Participant: 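Dropping the structure in here first, questions after.
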Amino acid sequence: MPMKFPVISAWSLALLAGAAWADEPVRTPVPDARPVMLSALQSADGTAHGVLTGEIADAITQRFEATSPIYIDVTTERRYRQPGCSRLKVSFWQEGVRLPEAKAPRKQTIEFGINYCLDGLPPRSLL
């Protein structure tokens, strides 16, 4: 009796592959965090994602023998009354970072909060 194998179309495979990356945000290459912060301020959901590029990013990655680029995630913690102004949480993170005293490479994250407006200045009021 011959064995029967399920037939999977190329379209089905593409759907399955796409589902695996569905949770991955689109990351814009940027030279610093500012463009990602501005995108978060303009975003309907208050978030934006980037990947740091350039000589400094390359030097950091090489120095710490990291296994990924430096990612930037910006989320809005609070929107202020002043249009285009919010409290943002900015996270830089990288996988596989080797620190001098660490026994094994690991994910390293640096986070900070900033009050920021589309004009690059802090808000006039925190209300």
Side-chain angles (χ1 to χ4, degrees):
M1 180 176 224
M3 294 181 67
K4 293 184 178 183
F5 294 98
V7 177
I8 299 176
S9 69
W11 185 80
S12 297
L13 286 174
L15 270 177
L16 290 172
W21 291 290
D23 292 337
E24 285 297 313
V26 174
R27 294 191 177 277
T28 305
V30 294
D32 57 59
R34 187 173 187 272
V36 186
M37 292 166 38
L38 292 173
S39 291
L41 289 171
Q42 297 171 344
S43 167
D45 69 356
T47 65
H49 309 278
V51 61
L52 194 62
T53 60
E55 290 180 26
I56 293 174
D58 292 342
I60 292 169
T61 300
Q62 287 177 356
R63 165 62 181 91
F64 294 105
E65 302 174 13
T67 59
S68 79
I70 300 169
Y71 297 110
I72 306 169
D73 294 319
V74 179
T75 56
T76 299
E77 293 184 325
R78 179 176 180 198
R79 294 187 190 267
Y80 296 118
R81 285 187 201 159
Q82 184 180 340
C85 298
S86 295
R87 173 74 179 179
L88 301 175
K89 181 171 92 173
V90 181
S91 299
F92 288 85
W93 60 277
Q94 190 170 35
E95 295 285 352
V97 173
R98 288 187 173 274
L99 296 177
E101 289 97 29
K103 294 179 182 173
R106 63 182 181 164
K107 179 179 179 178
Q108 287 294 122
T109 304
I110 297 172
E111 292 184 335
F112 62 90
I114 185 169
N115 297 318
Y116 201 69
C117 298
L118 288 171
D119 62 5
L121 298 174
R124 290 184 295 278
S125 170
L126 299 182
L127 298 176

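What you are looking at is a predicted structure, and each value in this text was computed from that prediction instead of being measured. Along the sequence shown, residues are numbered consecutively beginning with 1.
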Participant: Work out which heavy atom in T76 is nearest to a heavy atom in A40; give both atom names and the distance.
Facilitator: OG1-O, 4.0 Å

Participant: Just how far is it from atom SG of C85 to atom OH of Y116, taken to the nearest 0.5 Å?
Facilitator: 10.5 Å

Participant: Counting only pairs under 3.5 Å, give me each side-chain donor-acceptor contact of residues 117-127, with atom names and distances, residues two or more places apart or in other chains.
Facilitator:
from : atom 1 : to   : atom 2 : distance (Å)
D119 : OD1    : L121 : N      : 2.9
S125 : OG     : L127 : N      : 3.2

Participant: Go through the structure and list residues passing ring-ring contact (aromatic ring centres under 6.0 Å, His included) with Y80, not counting sequence neighbours.
Facilitator: none

Participant: Linking I/L/V/M/F/W/Y whenever their side-chain heavy atoms sit closer than 4.5 Å, directly or via other members, would L38 and V26 fall into one cluster?
Facilitator: no

Participant: With a 3.5 Å distance limit and no angle check, can you tell me whether T61 reaches the backbone of A57 through a side-chain donor-acceptor pair?
Facilitator: yes

Participant: Looking only at heavy atoms, what is the nearest atom pair of A33 and I72, with distance?
Facilitator: CA-CD1, 4.1 Å

Participant: Show me the donor-acceptor pairs, under 3.5 Å and distance only, between side chains in residues 49-56 and residues at least two apart or in other chains.
Facilitator:
from : atom 1 : to  : atom 2 : distance (Å)
H49  : ND1    : D73 : OD1    : 2.6
T53  : OG1    : V30 : O      : 3.2

Participant: Could you tell me which non-hydrogen atom of R63 sits nearest to which non-hydrogen atom of P100, and how far apart they are?
Facilitator: NH2-CG, 4.2 Å

Participant: For T75, does its backbone N or O pair with a side-chain atom of T47 as donor and acceptor, under 3.5 Å?
Facilitator: no

Participant: Side chains of E111 and S91: do they bring a donor and an acceptor to under 3.5 Å?
Facilitator: yes

Participant: Taking atom CZ of R106 as the centre, does the number of heavy atoms from other residues, nucleotides or ligands within less than 6.0 Å exceed 12?
Facilitator: no

Participant: What is the ring orientation for Y71 with W93, classed by angle as parallel under 30°, tilted 30 to 60°, or perpendicular over 60°?
Facilitator: tilted

Participant: Go through the steps for V36 and T28 under the test side chain to side chain contact (heavy atoms under 4.5 Å, CB included), then give the verdict.
Facilitator: CA-CA 8 Å; V36 186; T28 305; 5.9 Å; no

Participant: V97 vs T67, test: side chain to side chain contact (heavy atoms under 4.5 Å, CB included). Steps then yes/no.
Facilitator: CA-CA 7 Å; V97 173; T67 59; over 6 Å; no

Participant: So which heavy atom on D45 is nearest to which on R79, and how close?
Facilitator: C-NH2, 4.0 Å

Participant: Any donor-acceptor pair under 3.5 Å linking the side chain of Q94 with the backbone of Q108?
Facilitator: no

Participant: Is there a salt bridge (charged side-chain N to carboxylate O under 4.0 Å, His left out) between K89 and E77? Walk through the geometry before answering.
Facilitator: CA-CA 7 Å; K89 181 171 92 173; E77 293 184 325; 5.2 Å; no

